[in-house]
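Note that the coordinates shown come from a computational prediction; the quantities given were computed from them, not determined experimentally. When a residue number appears, it is its place in the shown sequence, counting from 1.
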Amino acid sequence: MDAPPSRPGKRLLGLFLVLLATASCFGFLGLRWLVSLDVNALAPTPEQELPLDLSDADGVHLGVALVPPSTPLSQARTHEWRATPLVPSEHRVVYGLGESLASSLEDEHLAYGRRMRFRALGPNRFTYHAPAGCQEDMRCIYDELIRSNAEPVRALGTRFVEHIRARNLGPVEAAELIITFVQHIHYAEPADQPFGILPPALVPSQDRGDCDSKAVLAVMLLRQAGIDAAILYSDPLSHAAVGVALPVRGPPFRLGGRVYRYAELTTEGWPLGMIPPQHDKPHLWKVLPPPEMPDETG
């Protein structure tokens with residue numbers, strides 16, 4: 001039997017439904033594409049770095065110091081520490097060195113060791129040839145490190161100086177801020193370095209250092225902030241610390257007409273002016289004033 005002929009009205013209705021379904025399908029696909037495009041635009045690419053959040057409801061952020069400024073944040077280290085005498089006590093600063101700069105500082109230190117004929121004899125034991133006019137009390141070595149690391153350490157010191165001025169901190173408060181920062185850096189003996197000391201710019205960038213590595217860094221930061229500071233050194237005690245010319249309680253260390261008080265750097269939170277019992281032998285200590293620094297605020 002022949003199929004009955006279709007009616008024109010029914011054909012038009014069917015064509016309309018097909019076109020409507022097709023348009024709906026393409027509209028849905030287009031909406032999905034737009035949503036996908038928007039999400040992908042908001043998501044950071046693997047190479048893109050998210051901006052650093054400097055806000056901290058529980059403390060103070062001193063800012064970011066990158067040397068050179070083009071150093072990626074991924075190569076920087078965030079330091080968080082507590083300066084108990086200050087309010088607020090929680091502090092934070094970000095510091096980073098470029099890979100090439102860090103390598104050049106380490107290479108320069110190795111080259112200086114070769115010029116000084118450095119030779120390791122065992123754990124914490126070494127010899128070197130002190131040139132004329134250089135006493136064998138590490139003074140020349142500390143002076144050379146202060147000179148060669150001046151620029152990268154200055155960038156970090158600027159963050160402290162600006163914070164001290166903005167908060168109108170007094171000298172003792174400023175010293176507490178810097179000393180507690182250096183105290184929180186992990187203690188580690190750099191046995192792989194000449195003279196057993198890590199260049200001061202590498203101490204915060206690598207978050208490690210022993211007593212005199214920390215002492216050189218602390219003296220540089222303190223003097224940049226306008227605080228008279230010197231390295232305290234004891235060969236018999238195999239220890240180094242920092243002396244600050246501030247009115248705090250503690251045994252005096254004299255150099256000429258200046259009086260310095262002890263600052264321990266290897267124990268986090270150790271009070272300013274107090275000497276650890278095992279090192280409380282004032283007659284075994286020397287005061288080693290560092291060279292003048294061009295950026296000292298006075």
Between [Y] and [X], is there a side-chain heavy-atom distance shorter than 4.5 Å?
| X | Y | value |
| --- | --- | --- |
| Arg208 | Tyr187 | no |
| Met138 | Asp212 | yes |
| Val259 | Phe253 | no |
| Pro194 | His109 | yes |

Look at the side-chain heavy atoms of Ile, Leu, Val, Met, Phe, Trp and Tyr, link any pair under 4.5 Å apart, and say whether [X] and [Y] land in one connected group.
| X | Y | result |
| --- | --- | --- |
| Val182 | Ile227 | yes |
| Leu221 | Tyr262 | no |
| Leu222 | Leu169 | yes |
| Leu255 | Ile275 | yes |
| Ile141 | Leu237 | no |

Take His91 and His61 through the ring pair (Phe, Tyr, Trp, His ring centres under 6.0 Å) test and state the conclusion after the steps.
-> CA-CA 6 Å; His91 294 79; His61 202 306; over 10 Å; no

Considering residues, nucleotides and ligands other than Arg117, do more than 12 of their heavy atoms fall under 6.0 Å from its CZ?
-> no

Determine the interplanar angle of the Phe160 and Trp81 rings, folded into 0 to 90°, and report it as parallel if under 30°, tilted if 30 to 60°, perpendicular if over 60°.
-> tilted

Classify the ring geometry between His79 and His184 as parallel (under 30°), tilted (30 to 60°) or perpendicular (over 60°).
-> perpendicular

Heavy-atom pair of closest approach, residues [X] and [Y]:
| X | Y | answer |
| --- | --- | --- |
| Ala120 | Phe126 | CA-CB, 4.0 Å |
| Ala230 | Val287 | CB-CG1, 3.8 Å |
| Leu156 | Pro204 | CD2-CG, 3.9 Å |
| Met220 | Pro200 | SD-CG, 3.8 Å |
| Gly196 | Pro190 | O-CG, 3.5 Å |
| Arg167 | Pro88 | NH1-CD, 3.8 Å |

Could you tell me whether a side-chain N or O of [X] sits under 3.5 Å from a main-chain N or O of [Y], the two making a donor and an acceptor?
| X | Y | value |
| --- | --- | --- |
| Ser89 | Leu86 | no |
| Gln193 | Leu198 | no |
| Gln183 | Trp270 | yes |
| Arg261 | Val244 | no |
| Lys286 | Leu232 | no |
| Arg223 | Ala229 | yes |
| Ser103 | Ser100 | no |
| Asn149 | Leu145 | yes |
| Glu264 | Ala241 | no |

Looking just at side-chain N and O atoms, do [X] and [Y] make a donor-acceptor pair shorter than 3.5 Å?
| X | Y | result |
| --- | --- | --- |
| Asp137 | Tyr233 | no |
| Asp228 | Tyr260 | yes |
| Ser234 | Trp285 | no |
| Asp210 | Ser213 | yes |

Return the [atom1] to [atom2] distance between [X] and [Y], rounded to the nearest 0.5 Å.
| X | Y | atom1 | atom2 | answer |
| --- | --- | --- | --- | --- |
| Asp207 | Ile185 | CG | CD1 | 6.5 Å |
| Leu265 | Thr180 | CG | OG1 | 10.5 Å |
| Ile231 | Lys214 | CD1 | NZ | 14.5 Å |

Look at Arg147 together with Glu108 and state whether they make a salt bridge at an N to O cut-off of under 4.0 Å.
-> yes

Cationic N near anionic O, under 4.0 Å, Arg165 to Glu162 = no

From CA spacing to verdict: side chain to side chain contact (heavy atoms under 4.5 Å, CB included), Cys134, Tyr128 | CA-CA 11 Å; Cys134 181; Tyr128 65 93; 5.6 Å; no

